[in-house]
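Proteins get letters first, then strands, A, B, ... in listed order; numbering begins at 1 in each. As the structure is a computational prediction, the values presented were derived from the model and not from experiment.
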There are 4 protein chains.
Amino acid sequence: MVDAILRVGVLGASGYTGADIVRLALTHPNMEIAALTANTHAGKPMAAVFPHLGFSGLPDLTTVEEADWENVDVVFCGLPHGTTQEITKDVLERFPHVRFVDMSADFRLRNPETYETWYGRPHTAMDMQGEAVYGLTEHNRDAISDARLVACPGCYPTAALLALLPLAKAGLIDMADITIDAKSGVSGAGRSLKEMTLFCEAGEGMSPYGVTKHRHMPEIEQELSSASGTDTTISFTPHLVPMSRGELLTIYVRPTGGKKAGDIRAAWNDSYADEPFVHVLDKGVGPATQMVRGSNHCLLNAFDDRIPGRVIIISTLDNLVKGSAGQAIQNMNVMFGLEETTGIGHVALFP
Amino acid sequence: MVDAILRVGVLGASGYTGADIVRLALTHPNMEIAALTANTHAGKPMAAVFPHLGFSGLPDLTTVEEADWENVDVVFCGLPHGTTQEITKDVLERFPHVRFVDMSADFRLRNPETYETWYGRPHTAMDMQGEAVYGLTEHNRDAISDARLVACPGCYPTAALLALLPLAKAGLIDMADITIDAKSGVSGAGRSLKEMTLFCEAGEGMSPYGVTKHRHMPEIEQELSSASGTDTTISFTPHLVPMSRGELLTIYVRPTGGKKAGDIRAAWNDSYADEPFVHVLDKGVGPATQMVRGSNHCLLNAFDDRIPGRVIIISTLDNLVKGSAGQAIQNMNVMFGLEETTGIGHVALFP
Amino acid sequence: MVDAILRVGVLGASGYTGADIVRLALTHPNMEIAALTANTHAGKPMAAVFPHLGFSGLPDLTTVEEADWENVDVVFCGLPHGTTQEITKDVLERFPHVRFVDMSADFRLRNPETYETWYGRPHTAMDMQGEAVYGLTEHNRDAISDARLVACPGCYPTAALLALLPLAKAGLIDMADITIDAKSGVSGAGRSLKEMTLFCEAGEGMSPYGVTKHRHMPEIEQELSSASGTDTTISFTPHLVPMSRGELLTIYVRPTGGKKAGDIRAAWNDSYADEPFVHVLDKGVGPATQMVRGSNHCLLNAFDDRIPGRVIIISTLDNLVKGSAGQAIQNMNVMFGLEETTGIGHVALFP
Amino acid sequence: MVDAILRVGVLGASGYTGADIVRLALTHPNMEIAALTANTHAGKPMAAVFPHLGFSGLPDLTTVEEADWENVDVVFCGLPHGTTQEITKDVLERFPHVRFVDMSADFRLRNPETYETWYGRPHTAMDMQGEAVYGLTEHNRDAISDARLVACPGCYPTAALLALLPLAKAGLIDMADITIDAKSGVSGAGRSLKEMTLFCEAGEGMSPYGVTKHRHMPEIEQELSSASGTDTTISFTPHLVPMSRGELLTIYVRPTGGKKAGDIRAAWNDSYADEPFVHVLDKGVGPATQMVRGSNHCLLNAFDDRIPGRVIIISTLDNLVKGSAGQAIQNMNVMFGLEETTGIGHVALFP
């Protein structure tokens, strides 16, 4: 398979996650962009919506309806939730040969009631949901390799779960006392026009948002509950930080049985020793978003708090790469039997 | 006293807190800058170190030794800790009429062992420490009004204590379970040359720093212990955010006796209803550093967490103003019987 | 007049220039905000559109129609061009006692054809235009003091004309060879939602915009032509820079008669020696927007180019203050016989 | 040669250009990092100076003296000027098999007097200078392919010369009237500690620097003079912009013989039609640094000014990539017969 060329379609190519798929595809040796859709921009060249992609020989934007799915091997979906489930269902039913890597939220939650509660409307493609595989690559590689529909995790869930899943599985932390203080760059809010994401509003300042209401919470809880066997509720507070890319989670936990930061680091090392994209930093070194900007890496560390019995965990990644498009391509690599790091092995762009 | 002109000296006028004293003094009707010291820049005009202060008729910089303290009514000290205690002792012994508003860390900790533990050297002016009054204006106004030496709180302690002191005093929260996730702009690190505060290093990214080691912790604990009557240890993790000014604390607490965010808001309203600089925002509104940039205001709010029994508190202020120079002038106003808001009543510079 | 309280109305209070009028008014001893209009937000408190103005005792927003102009002494207009001329005409006709300080572009151009050419529609209130006084305070103080309608210059024209008018008047430069390379912070584009002013689009990068098409050109040319007695066309290229406030113009000129940078500096010193807000920096010192952020100051300097016969001029100001709201209040001070610096004497907020 | 592995040494690996060589080398199929020098950090792992390069299996830093040049095929030099010439001479004399790609300024100026005038000291390796080839790839490809020592252009010269050389060669513009208004991100100032590049000093503002004194001027003039056959002096004014990477030049020229922007675009298209890294944008589209951040591309466009007979040119690139490390690797590809785009074909990281 390593010499195969995969013909790739991108749904929602005028958004930031869609554009990052294209950016990465352009230097991926096995990807060829065959279709780019963006209904409100159909007919335009990609340069009209993303000038930095303008001299790369890309096809023009089309509507979803016009795209030639017959000649596409894999579709990446960067559409908003809600829209996604209908289009996914339609494409997969009409073109069963297509494999689908969804970066939206529509196929992440297995419980339809949870979906309806958090997204304010019933799910309309629960039959598809049944075959969706949760795309946290490091923890679900086997299922992903066979999947036709992969639901890539949200950016915050990726950072949270890479840190917490090994601990939840091993019973290393008290599942009733997990506090996640999350910070994200502005690209996490997408490209749609909102006053809060204007340069003058988001710049030179920071603020919490969506306090107790962020939709990534049920997704984190679903996976932690499943891993720990305990129904888990977390405290999760996101903040908007004046940078374009990157997110950093500071997670406050209580290890069980007198365990300490060293035990958490050991558990991670057990889980991730051979992982190319998850790294436990040297003792005492704080992960920074600058270390991962533009890359598919996730960096972890743990510190013993001064309060006995508590540990401070830091997890960081680029929300558009490991938190979205990069992990999506990582999953594609797994699905098609390619070397998992193919095309996404860049280190961070620093400074 | 309202028509009095106070002759003001600034120690360490080449640093950011010193410069902010000067900025505020220039439009304060009762302040006249009489002396500016910066030993390594002595002899230069202020414009040579801070061009934005260059057309304001300021005296040139001098050494500490050359400054004419005889003709100064009040001194603001923006020197580093360590240096401060010696100079303070010297000036106050030789010029007993001078009143001293210290923005350094040297007179904040009442226990000399705590000082030595956290600052790595013994305190050399503990006799002065005895008469130092902790300058958190809203909670110590009476003592400040009579003080000769006021030790202004650190920026993080100001934001933390304005939020927590009313709760600690009223027994509203479990003092054994306080987690402070703090975020600060880069000016908090001062103007000295460090690689981590270069534009290319601190920009477009964020990171934790000083995890479990930040020197503002013992100061917060001292005041919380005193207010609650309980020896208090906190969890405190600061982060560096790519903005110049502003800090925001997200504080995770457990109210006692089934209390909720509404009770915390009520306690604040009791404490701060008549305060000009501390404001409890409307229910559900998240404080943002953009709301306080350049101003002396501190904004608070509290939210019930989804985990029953937990509350999320947000506190924000400008680290150089309410967190340093603004509060220092607020204290000066109190010390000299001026209207407390004089010269520091600006709203934020937004955008 | 110095103790008078002026009752102030602000048209377009939900925009950045309107908000900066309010910010400055709140510490101006003679201004009392009586009316704030923002038709799409009528009925809301100011805090709902500008949280940083939320604890200042301001009246709620109203429609233009509902505002009580009878009890207003002076109106500041921060509405878009086009809308402004109609509302101005209506208010001034119905309430002849009101004095009007317009920050829009509608009354700056004296030639209706020029207006139509650049704004794409005929002017509908040319009768009002006749009595409008161009509000570049330093060059038009007498006319402003008696005016009922003052048309404040655009931000770029203010920076350009403060630099060039003394030279044009004195015949010091070749009017046929003026190149202005202009750089502005993002607030110059206003608060309306545009993709190009999103944080992720405008951040960490810069670009030219409106090349050969910017509407501030005819305004600069009108004033330079008038001052020099020569019909003047300029080269003007603006750029968008990733900062909220501030603009900086680099102006390339050819002095006449072998004159040099020193002669230009001398001409400025003649014009501005007693001006509180226009400053010629020391020889060799480059003006920076950081020196004026949030202040009403304009800084100038001139450098002899290596190409003989050419001079490089730098002019900088804060586009929302001296480039808009600050100069508007400066004009109000002149119109009502107040000390000209009243309420706008701040130095820059740095850092 | 396409399967060859080149063993690569980097002199000055603790600076930004050195680090960008390493970043690009890590995904370049023919490069293997064999030696990294940084005398003040010798003995440390690369992660200690650049954490983002910390999990890439790099050799530790050594001194220049300790590096094993015998086993190195190509050396990239990111040292400061002055230091470079001595080390280059030493390495090339002792290890004649090594090919040397210099990113410093030491071998760019062919005239030793010019070097001494602008760099304040005599050149000490003029014998080496004789064999140095100026590394502007698109204009010097043949000479580069055979060179042992390539002197890569400065970042500003690369952006200026890619725009102007085709015009100078074709006699399309008046060489006596070239004005370059240059804007650069802060990484152009390097990683050494300077107050002006601190986040709080360089952020949220912009300023000119080095007016009439920037050392890239003689380099641009040397190449323009050579191409045009006319001794050329330019006007060049650089500005510091609050972004990490990217530079943008706005160049004001007068075409000869009634030529217009269209003729300039045509001349570029002639020169660059087959170039992978130089692109003439569609008519009317303004190049932005956001389009090239992290990439090796240079974007050009030209606009007819409103002043007849004048044209406005915009040229943009990433100062660390096409302006330094990317072009250095492009030259290495040429020198070793690799496909020229190998390893540097990324599009921009946007947002």
**Request:** Find the one option among E201(D), E204(D), K194(D) whose heavy-atom pairs under 4.5 Å with chain B are most numerous.
**Result:** E201(D)

**Asked** How far does OG1 of T197(D) sit from CD of E195(B), to the nearest 0.5 angstrom?
**Response** 10.5 Å

**Prompt:** Got a second to check how far F199(B)'s CZ is from L240(D)'s CG, nearest 0.5 Å?
**Reply:** 8.5 Å

**Heavy-atom pair with the smallest gap, counting every atom of S187(B) and C200(D)** = N-SG, 3.3 Å

**Request:** Please look at R191(D) and chain B and tell me whether the side chain, the backbone, both or neither of the residue comes under 4.5 angstrom of a heavy atom of that chain.
**Result:** both

